[in-house]
Amino acid sequence: MFTKAQTIAALLPASIEQVQSSSAFAPSNIALCKYWGKRDRTLNLANNASLSISLGQLGSYTEVALSASGQDEVRLNGEWLAPEQAFVQKVIAFVDLFRRGQSIPLRIDTTNTIPTAAGLASSASGFAALTLALNQSFGLQLTRQQLSIVARLGSGSACRSVYQGFVEWQRGERADGLDSYAVPLPEQWPQLRVGLVKVSTAAKAVDSRQGMQRTVETASLYQSWPAQAEQDLAAIKAALAARDFTRLGERAEHNALSMHATMIAAWPPLLYWQPGSVSAMQKVWALRQAGVEVYFTMDAGPNLKLLFEQDNLAKVTEQFGDLDVIAPFADI
Ligand code: PMV
């Protein structure tokens, strides 16, 4: 087993020589083929490869500068946070991986462009933006591939947020994780839209880290997940290459529901759905029955992310009034 510090040591110079102010942006991403379950919980190495779409301008801006006070200072969405807050501790633990014992007090200022009420996780874009900013601040000159590896140490899905567009996270085989990183896919889909259906934006009781661990440890249904995800990934890549929206949507929805089936089969059971999630699913299915091509995907939470094409925007928004619509390729 390798530690995060060992991964970093393989990629970074022995010490940080210079510190400059920097700022970086990374988009949020939504998986169409989900990452669920780790083969290494320390390094966030996935049991299966995954594929996502980045959300253009929705994501995190992070600025890093030397702290004038000599103490680490962390600001989120305009508010300075107390050192004992969980967010600050996560950020500092990640930054410490880069500092490796050197005294380099920093001011880290993150602003999420994801509307706080949109029900989207910001940890993927947050760790990716922080990685990009630290790379500049410390003059590391890491490649995108290395940046993806480092962002993965913050949260698994963050490795996909170092790119826009469709992104595949290759699972890798190595125990040190140096072959587990994201790669951008060449396909563009300007007509593609992602609609955020807000069922609830309350903080969830079980986060994805705990949720996947519980599923892997207790759900016998999980055993079939990695093989299914591999097939889904191949089918989704084929659908992208063929620009076949039906195949893309069907596979993405089926993949998400299969992931949720493994969670429901965990013990204690993990059901992220709320009544509003189910009624939104039923609305999607009714729209499809009526000939409107719309599909959904869901992560470890109650909110739905709709997938449709621009031609159907009016019909979809008519049914889902309060919808944030993202055009992942137009909004870059
Ligand atoms: O990277 P994490 O620990 O936030 O886990 C993400 C898990 C899912 O959102 C459910 C799936 C995915 O691939 O993004």
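Nothing fancy with the numbering, it's 1 onward along the sequence. Quick caveat, the model's predicted, so the values are computed rather than measured. Just so you know, ligand 1 is whichever comes first in the structure, and atom 1 is the first atom listed for that ligand.
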Could you list the donor-acceptor pairs under 3.5 angstrom formed by side chains in residues 9-25, with sequence neighbours left out?
{"residue": "S15", "atom": "OG", "partner": "E17", "partner atom": "OE2", "Å": "2.8"}
{"residue": "Q18", "atom": "OE1", "partner": "Q20", "partner atom": "NE2", "Å": "3.1"}
{"residue": "S22", "atom": "OG", "partner": "A133", "partner atom": "O", "Å": "2.9"}
{"residue": "S22", "atom": "OG", "partner": "S137", "partner atom": "OG", "Å": "2.9"}

Has E230 got more than 12 heavy atoms of other residues, nucleotides or ligands less than 6.0 Å from its CD? no

Do any nitrogen or oxygen atoms of ligand 1 lie under 3.5 Å from a protein nitrogen or oxygen, and which ones?
{"residue": "ligand 1", "atom": "1 (O)", "partner": "G156", "partner atom": "N", "Å": "3.4"}
{"residue": "ligand 1", "atom": "1 (O)", "partner": "S157", "partner atom": "N", "Å": "2.8"}
{"residue": "ligand 1", "atom": "1 (O)", "partner": "S157", "partner atom": "OG", "Å": "2.7"}
{"residue": "ligand 1", "atom": "3 (O)", "partner": "S208", "partner atom": "OG", "Å": "3.3"}
{"residue": "ligand 1", "atom": "4 (O)", "partner": "S208", "partner atom": "OG", "Å": "3.2"}
{"residue": "ligand 1", "atom": "5 (O)", "partner": "S208", "partner atom": "OG", "Å": "3.4"}
{"residue": "ligand 1", "atom": "9 (O)", "partner": "D299", "partner atom": "OD1", "Å": "3.3"}
{"residue": "ligand 1", "atom": "13 (O)", "partner": "Y35", "partner atom": "N", "Å": "2.9"}
{"residue": "ligand 1", "atom": "13 (O)", "partner": "R160", "partner atom": "NH1", "Å": "3.0"}
{"residue": "ligand 1", "atom": "13 (O)", "partner": "R160", "partner atom": "NH2", "Å": "3.2"}
{"residue": "ligand 1", "atom": "14 (O)", "partner": "R160", "partner atom": "NH2", "Å": "2.8"}

Return each pair, listed once, that meets salt bridge (charged side-chain N to carboxylate O under 4.0 Å, His left out) where at least one residue sits in residues 32-47; pairs must be two or more places apart or across chains. K34-D299, R41-E217

Determine, for D324 against K198, whether the closest basic-nitrogen to carboxylate-oxygen distance falls under 4.0 angstrom. yes

For residues 150-161, tabulate all N or O donor-acceptor pairs below 3.5 Å that involve a side-chain atom, not counting sequence neighbours.
{"residue": "R152", "atom": "NE", "partner": "L43", "partner atom": "O", "Å": "2.9"}
{"residue": "R152", "atom": "NE", "partner": "N44", "partner atom": "O", "Å": "3.4"}
{"residue": "R152", "atom": "NH1", "partner": "G177", "partner atom": "O", "Å": "3.0"}
{"residue": "R152", "atom": "NH1", "partner": "S180", "partner atom": "O", "Å": "2.6"}
{"residue": "R152", "atom": "NH2", "partner": "L43", "partner atom": "O", "Å": "3.4"}
{"residue": "R160", "atom": "NE", "partner": "N29", "partner atom": "OD1", "Å": "3.1"}
{"residue": "R160", "atom": "NE", "partner": "S52", "partner atom": "OG", "Å": "3.2"}
{"residue": "R160", "atom": "NH1", "partner": "S50", "partner atom": "OG", "Å": "2.9"}
{"residue": "R160", "atom": "NH2", "partner": "N29", "partner atom": "OD1", "Å": "2.8"}
{"residue": "S161", "atom": "OG", "partner": "P27", "partner atom": "O", "Å": "2.6"}
{"residue": "S161", "atom": "OG", "partner": "N29", "partner atom": "ND2", "Å": "2.8"}

R288/E253 salt bridge by N-O under 4.0 Å criterion: yes

